[in-house]
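Okay, structure first, notes after.
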Amino acid sequence: MPRKLFAAGCWVLIALGLVHLMGHYGLMTAEGDTEAEGRLLSLMRGNPQDMGLGFVRSMFDIVAGFSLTFSILPAGMGLLGLLVLRHERRAPGLLRQASIAYAGVYGIMTAVAFRYWFPAPLFFLAAAFVCFVAAVATSRRDRA
């Protein structure tokens, strides 16, 4: 059972990355639905600043970079988790330890999403968190 729960959490993370990538595309092509939104986007895209070492970035560039990163990292962590799952029989206790780490990280991410974001990422993160906590709860504790 913990293997299935851990795998489910990993697949939720991969789905989160892919769904967020669609949202990222929406951000990159956005022009604003209202005059105020259009003006805000124009202000974010305008006025690039020198960030040092020859890097010149606008606020929109920075937001777009974080958005793309949030698309890639959950998908990458999900894929890494599936690799751990594939090899966990060679290392007893690995699945439980990975489940604990994933539950901790995605518990914190769920709290951040609850405080700062909107429902879509919150639901994905909470679903992954629940899967990883359930994987920990149903796993055997190996005694050394």
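Throughout, residue positions are numbered sequentially from 1 according to the sequence presented.
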Under a single-linkage definition using a 4.5 Å side-chain heavy-atom cutoff for Ile, Leu, Val, Met, Phe, Trp and Tyr, are [X] and [Y] assigned to the same hydrophobic cluster?
| X | Y | value |
| --- | --- | --- |
| Leu80 | Leu73 | no |
| Leu122 | Ile108 | no |
| Val130 | Val133 | no |
| Leu83 | Ile100 | no |
| Met28 | Ile72 | no |

For a quick test of reading the model, state the closest non-hydrogen atom pair linking [X] to [Y] and the distance between them.
| X | Y | result |
| --- | --- | --- |
| Val56 | Pro48 | CG1-CB, 3.5 Å |
| Pro2 | Ala135 | CB-O, 3.5 Å |
| Ala98 | Val84 | CB-CG1, 4.0 Å |
| Gly17 | Pro74 | N-CB, 4.4 Å |

To the nearest 0.5 Å, what is the distance between [atom1] on [X] and [atom2] on [Y]?
| X | Y | atom1 | atom2 | result |
| --- | --- | --- | --- | --- |
| Phe66 | Thr69 | CZ | OG1 | 7.0 Å |
| Asp50 | Arg57 | CG | CZ | 10.0 Å |
| Leu21 | Leu27 | CG | CG | 11.5 Å |
| Phe60 | Met44 | CZ | CE | 6.5 Å |
| Met77 | Ile14 | CE | CD1 | 11.5 Å |
| Leu94 | Ser139 | CG | OG | 11.5 Å |

Item to check | Leu13 and Tyr106: CA distance, side-chain angles, deciding distance, side-chain contact (heavy atoms from CB on, under 4.5 Å) verdict | outcome: CA-CA 10 Å; Leu13 292 178; Tyr106 289 101; 3.6 Å; yes

Item to check | side-chain contact (heavy atoms from CB on, under 4.5 Å) evaluation trace for Met51 with Gln49 | outcome: CA-CA 6 Å; Met51 302 289 163; Gln49 300 289 315; 3.8 Å; yes

Checklist entry - For Arg3, what residues pass the salt bridge (Lys or Arg N to Asp or Glu O under 4.0 Å) criterion, not counting sequence neighbours? => result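 With sequence neighbours excluded, Arg3 shows a salt bridge (Lys or Arg N to Asp or Glu O under 4.0 Å) to Glu88, given in chain and number order.
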
Checklist entry - How about Trp117 and Phe70: are their ring centroids closer than 6.0 Å? => result yes

Next on the checklist: Are Phe6 and Tyr102 an aromatic pair, judged by ring center distance below 6.0 Å?
Outcome noted: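 Yes; Phe6 has its ring centre under 6.0 Å from that of Tyr102.
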
Checklist entry - Does atom CZ of Arg39 have more than 12 heavy-atom neighbours, drawn from other residues, nucleotides or ligands, at distances under 6.0 Å? => result no

Next on the checklist: Whether the His24 and Ser71 side chains hold a donor-acceptor pair (N or O, under 3.5 Å, no angle test) is what I'd like checked.
Outcome noted: no

Within the distance-only criterion (no hydrogens, no angle test), does the side chain of [X] pair as donor or acceptor with the backbone N or O of [Y] below 3.5 angstrom?
| X | Y | result |
| --- | --- | --- |
| Thr110 | Leu125 | yes |
| Thr138 | Ala134 | yes |
| Ser67 | Val63 | no |

Next on the checklist: Pair Leu5, Val136 - check side-chain contact (heavy atoms from CB on, under 4.5 Å), show working.
Outcome noted: CA-CA 9 Å; Leu5 290 165; Val136 172; over 6 Å; no

